[in-house]
Amino acid sequence: MQYIQLSDWLLDIAFLLYVLSSIVFVVAMTGKNWAGRDPKQHETRFGRIAYWLAVIGFIAQTGYVVTRWIGGGHSPTSNMFEFMAFLDFCIILAYLIIYRIYKLTVIGAFVLPLGVIMLAYSYVFPAEVTPLIPSLQSYWLHIHVTTAALGEGILAVGFAAGLMYLIRTVPQNVSTRSTKWLEVVLAVVLMLVGFIGMESTFARLDQKTVFEMNKETKNAMGQMEKLQAEYTMPAIVAPADSTIIKQGPMSPLFTAPSWMEGKDAARKLNTMLWSVITGVVLYGVLRLLFRKRLGAIIQPSVDGIDPELLDEISYRAISIGYPVFTLGALIFAMIWAQEAWGRFWGWDPKEVWALIVWLFYSAYLHLRLSRGWIGAKSAWMSVIGFVIILITLVVVNLVIAGLHSYAGV
């Protein structure tokens, strides 16, 4: 138990350092033109401080991984909390390697906030160490899940560099299809931020809504009892054929479709709806405050960066992340599935979406190498590819029932 406590503290320390690092990275990029400053010296000085904060945070997070592994008795990838924290660990690792190669400060200003969002996202899931369910009691848990997370972490750096390329090159003085789609991508990122904020806030307020469904299941004593669904966030959608036994801060506006089976299906849909709503509200507030597009707000911070260098970083990250993801999310997963269930492929929703991600990045590499899709086309594909990964991590895990639905929200 002491190891688990220590791992929690180390992860908190890492989170705090990543937040500080993100702030200093932003200062390094936005403070270049402050009065009396030499832009180059300012960026170098604050960029170095931010980098070392990230390094110390990464060391603390490495300590988290080691102590939680020892304390839990298995790799820390067995539930959504552990997987998202490990994915964040892989993103920061990939960033530190890329930084040592290119020494480009601005990459940290995009990747570290992404790491903070991912780690904050992990905190909304139950963090208790629980015994492994039978299907996860295999050494393939260590091999398959850790490799898949590492591949996704490297692809996340490709996404960050691609997004930077678009913000750097898409003209913001006129409204075009590119400016609109760029705003959509930034709004999707804000939806994840909104979800984290809402979940964290209502978890502390403890204003739960509890539904009782007209279905029964066996409890731990072997007795039959009615299923209950407990909402942390206010209820927009109620489970089908259910009654409220504990009223929350608001009454449901409608009932989930009857085809959404499972006691948690409606709760997960409710979570998704709040994510979209809060993301849209956040986006609207920022637009009203700054009276310009988010892309136009961020663009000055990437002025002066060579777009070709960003394109190269994005391509290199994806060309490294692709084979790692292929091994972890497809090949190792199929071997484990054969051992566990006697079949390589079962069309489980997570399996299908992993295949979609793989096919998309296969098309990316094919089009880049054979058709010369570089620059904007390549950047858009790197961004869309990671949005598909986010859909796989968030929507598929939270809304669609399947073998991988061990999420706790």
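Side-chain atoms are counted along with the backbone in the values below, which use heavy atoms only and exclude waters and symmetry mates.
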**Asked** Hey, would you say the Tyr123 and Phe15 ring centroids sit under 6.0 Å apart?
**Response** yes
**Request:** Answer with yes or no after comparing the ring centroid distance for Phe89 and Phe86 against a 6.0 Å cut-off, counting only values under it.
**Result:** yes
[Y] side chain reached by [X] side chain, heavy atoms, under 4.5 Å:
| X | Y | answer |
| --- | --- | --- |
| Leu11 | Gln61 | yes |
| Lys377 | Arg371 | no |
| Trp353 | Lys350 | no |
| Leu190 | Leu294 | yes |
| Leu390 | Met118 | yes |
| Trp358 | Leu355 | yes |
| Phe25 | Pro113 | no |
| Val280 | Met191 | yes |

Working to the nearest 0.5 angstrom, can you tell me the gap between [X] [atom1] and [Y] [atom2]?
| X | Y | atom1 | atom2 | answer |
| --- | --- | --- | --- | --- |
| Ile4 | Arg68 | CD1 | CZ | 5.5 Å |
| Trp336 | His144 | CH2 | NE2 | 6.0 Å |
| Leu286 | Ile297 | CG | CD1 | 6.5 Å |
| Thr67 | Tyr3 | OG1 | OH | 9.0 Å |
| Leu53 | Ile49 | CG | CD1 | 7.5 Å |
| Leu17 | Ser22 | CG | OG | 10.5 Å |

**Request:** Specify whether Phe386 and Phe159 have parallel, tilted or perpendicular ring planes, treating 30° as the upper limit for parallel and 60° as the lower limit for perpendicular.
**Result:** parallel
**Asked** Would you call the rings of Tyr51 and Tyr99 parallel, tilted or perpendicular if under 30° counts as parallel and over 60° as perpendicular?
**Response** parallel
Above 12 or not: heavy atoms from other molecules or residues under 6.0 Å from [atom1] of [X]?
| X | atom1 | answer |
| --- | --- | --- |
| Lys246 | NZ | yes |
| Glu308 | CD | no |
| Trp181 | CH2 | no |
| Ile374 | CD1 | no |
| Trp52 | CH2 | no |
| Arg316 | CZ | no |

**Prompt:** Under the side chain to side chain contact (heavy atoms under 4.5 Å, CB included) criterion, do His74 and Glu82 qualify, and how do the steps go?
**Reply:** CA-CA 11 Å; His74 53 78; Glu82 292 179 346; 4.0 Å; yes
Main-chain N/O of [Y] paired with [X] side-chain donor or acceptor, under 3.5 Å:
| X | Y | answer |
| --- | --- | --- |
| Thr77 | Phe83 | no |
| Gln299 | Gly295 | no |
| Arg287 | Lys292 | yes |
| Ser122 | Leu119 | yes |
| Asn270 | Ala238 | no |

Taking all non-hydrogen atoms of both residues into account, name the closest pair between [X] and [Y] and its distance.
| X | Y | value |
| --- | --- | --- |
| Ala54 | Tyr95 | CB-CE2, 4.5 Å |
| Gln228 | Val210 | OE1-CG1, 3.9 Å |
| Tyr231 | Pro239 | OH-CD, 3.3 Å |
| Ser382 | Tyr361 | O-OH, 3.9 Å |

**Message:** Working note: Trp345 + Leu330, criterion side chain to side chain contact (heavy atoms under 4.5 Å, CB included); need CA distance, chi angles, decisive distance, verdict.
**Reply:** CA-CA 10 Å; Trp345 194 262; Leu330 290 179; 4.1 Å; yes
**Option from Gln172, Arg293, Arg177 for which side chain to side chain contact (heavy atoms under 4.5 Å, CB included) with Leu182 holds** = Gln172
**Request:** With Ser378 as reference, evaluate Tyr315, Tyr364, Tyr165, Trp373 under the side chain to side chain donor-acceptor pair (under 3.5 Å) test and give the passing residue.
**Result:**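 Answer to the side chain to side chain donor-acceptor pair (under 3.5 Å) test with Ser378 among Tyr315, Tyr364, Tyr165, Trp373: Tyr364.
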**Request:** State whether Asp311 and Arg368 are salt-bridged, where the test is any N-O pair (Lys NZ or Arg NE/NH1/NH2 against Asp/Glu carboxylate O) under 4.0 Å.
**Result:** yes
**Prompt:** Got a salt bridge between Lys208 and Glu230, using NZ or NE/NH1/NH2 to carboxylate O under 4.0 Å?
**Reply:** yes
**Worked verdict on Thr62 versus Leu93 for side chain to side chain contact (heavy atoms under 4.5 Å, CB included)** = CA-CA 10 Å; Thr62 304; Leu93 172 64; over 6 Å; no
**Prompt:** Does the side chain of Ser178 pick up a donor-acceptor pair with the side chain of Thr176 at under 3.5 Å?
**Reply:**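 Absent: no donor and acceptor within the cut-off.
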**Prompt:** Hey, mind stepping through Phe110 and Ile298 against side chain to side chain contact (heavy atoms under 4.5 Å, CB included) and telling me if it holds?
**Reply:** CA-CA 11 Å; Phe110 281 74; Ile298 304 170; 3.9 Å; yes
